[in-house]
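Everything on this sheet refers to the single structure shown next.
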Number of protein chains: 2
Amino acid sequence: MNEQASGHRAGPVRSAAARDAILAATARLFQGQGYDHLTIEGIAKEAGVGKQTIYRWWPSRGALIAECLTDGRLIPIDFDVPYSGDLLRDVEEWLGSVLAILETPHGAMLLRSLVAAAAEDAEVGDHLSASLGVDRHLAERLAAGIRDGQLAADAPVELLGHAVLGTIIVQSLTRRPDVAGALRELVRYLVAAR
Amino acid sequence: MNEQASGHRAGPVRSAAARDAILAATARLFQGQGYDHLTIEGIAKEAGVGKQTIYRWWPSRGALIAECLTDGRLIPIDFDVPYSGDLLRDVEEWLGSVLAILETPHGAMLLRSLVAAAAEDAEVGDHLSASLGVDRHLAERLAAGIRDGQLAADAPVELLGHAVLGTIIVQSLTRRPDVAGALRELVRYLVAAR
DNA sequence: TTGAGCATACGCGACGTCTCGTCTAGAGAC
DNA sequence: GTCTCTAGACGAGACGTCGCGTATGCTCAA
């Protein structure tokens, strides 16, 4: 009568293959066509899966996207910030690798899609900045900069990370050219010795 | 045979009443229900107008939103930055009036809707930062701060404006509490004498 | 024998196009 | 001036399509 400690019960267990196929298809279609144009039926067909199998496990399109994000399936690269001792140089290098992706038309579309998804779904929003490495990597690197005396002790590192990410987003939403140059100028100002 | 220089032609001219009813209905529904849930058919019904009258003049939902933005129908308040001579105080006051709107649940939803619309439609993106007064007012006030010697001469005022706006957006997308406190801390850091 | 899985039908709502009939306002003849 | 003529805007809504989320079989593995 009692379930075992491991949580066993009668009947088959959730198919890892189906889960993986669904998430992979979601990521593929999301990157290929953007958030609008992403449909549950399209995902089901692409994954070779019944619609109900998706609805059984995910309540919404947003939840699907959020899980792809945490699985690292939407932003395959892990943007970590190098540590050479020179804060400005390291941050600029991080920025370069982020922008190298985001400045392609495909990357710009990807970012806008992520923003659209985040605006619509709270769960996606929660994971957005983390997935771009802003929380884990950039803020940490800035904090190290404070320890090294290269940044003011009262600098709000977390907020500066969000400010950089936010600037990228604004530039992207307003379809500015030369995002890279502008961003470099901004971080140079933000990180400049005070 | 030739049309007159004024571009006259036979037949009735575009109805200003219909245009106004449509834009007013769009703004009303946008603010009431958000960008998703905003439908052309709903707008037509709300405005007491045929669908075709909308499709005749606007190619997309985004174009409709963009026109509401430039008409000042979505963000009725014009957030201009005061000039007291004290840069930090003025910027914080501007921030306060912006956040007073954005921190209500309704305002937060409005901002997320604007971001979603901007992510989906380039035309909306073009007008987003302008409508929040970031371009016209904040950047100008920062520039005046440089003239007054209260901000570094090399400060990229336009970018700082986008950084503040971007931070607001990121905080909003990630559903952070205490946006106001965080933002105040950020601008205090950005505007601090160097 | 239970429940995950695939497949598919269903009602619903919104899409964007199209076609009605009505109405309006400039153009051209008188 | 007045009186048609006509292009085109307008409200209304039907149309086919698409995707939604739900419901119902049926198969198969644990």
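Quick note on labels: first sequence line is chain A, next is B, and so on, each numbered from 1. On a predicted model such as this, the values are computed, not experimentally measured, just so you know. Side chains are part of it too, since the values below use all heavy atoms of this structure and drop only hydrogens, waters and symmetry mates.
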query = For DNA chain C, whose closest nucleotide is more 5', that of B:Arg61 or that of A:Gly50?
reply =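 On the 5' side of the pair lies A:Gly50.
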inquiry  = So, OP1 or OP2 of D:dA9: does either fall under 4.0 Å of a side-chain N or O from B:Trp57?
reply    = no
query = So, is A:Thr53 close to the C:dA4 phosphate, meaning a side-chain N or O under 4.0 Å from OP1 or OP2?
reply =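 It does not, given that no N or O in the side chain of A:Thr53 lies less than 4.0 Å from OP1 or OP2 of C:dA4.
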Can you tell me how far [atom2] of [N] sits from [atom1] of [X], to the nearest Å?
X       : N      : atom1 : atom2 : result
A:Arg56 : C:dC6  : CZ    : C1'   : 10 Å
B:Ile54 : C:dC18 : CD1   : P     : 17 Å
B:Arg14 : C:dG26 : CZ    : P     : 17 Å
A:Trp58 : C:dA4  : CH2   : C1'   : 13 Å
A:Tyr55 : C:dA7  : OH    : P     : 16 Å

task = Would you indicate whether the side-chain heavy atoms of B:Glu158 and B:Val134 approach each other to under 4.5 Å?
result =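 In short, these two side chains do not touch, never coming nearer than 4.5 Å.
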query = Is there any salt bridge (charged side-chain N to carboxylate O under 4.0 Å, His left out) pair reaching into residues 102-124 of chain B, and which pairs are they, with sequence neighbours excluded?
reply =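 For residues 102-124 of chain B: B:Arg61-B:Glu120.
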inquiry  = List the residues meeting side-chain hydrogen bond (donor to acceptor under 3.5 Å, both in side chains) with A:Arg141, not counting sequence neighbours, and say none if there are none.
reply    = A:Asp90
Salt bridge (Lys or Arg N to Asp or Glu O under 4.0 Å) partners of [X], counting only residues at least two apart:
X        : value
A:Glu140 : none
A:Arg28  : A:Glu46
A:Glu93  : none
A:Asp71  : A:Arg19, A:Arg73

ask   = What residue pairs, at least two apart or across chains, pass side chain to side chain donor-acceptor pair (under 3.5 Å) with a residue in residues 174-183 of chain A?
value =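 Counting only pairs at least two positions apart or across chains, the side chain to side chain donor-acceptor pair (under 3.5 Å) contacts touching residues 174-183 of chain A are A:Thr174-A:Arg176.
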ask   = Would you say B:Gln31's side chain and B:Leu74's backbone share a donor-acceptor pair under 3.5 angstrom?
value =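 Confirmed, B:Gln31 side chain pairs with B:Leu74 backbone.
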task = Within residues 26-43 of chain A, find the residues that approach DNA chain C with a heavy atom at under 4.0 Å, and present them sorted by residue number.
result =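 Close to the strand, none.
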inquiry  = Please encode protein proximity along nucleotides 23-28 of chain D as a string of B, S and -, counting only heavy-atom distances under 4.0 Å.
reply    = B-----
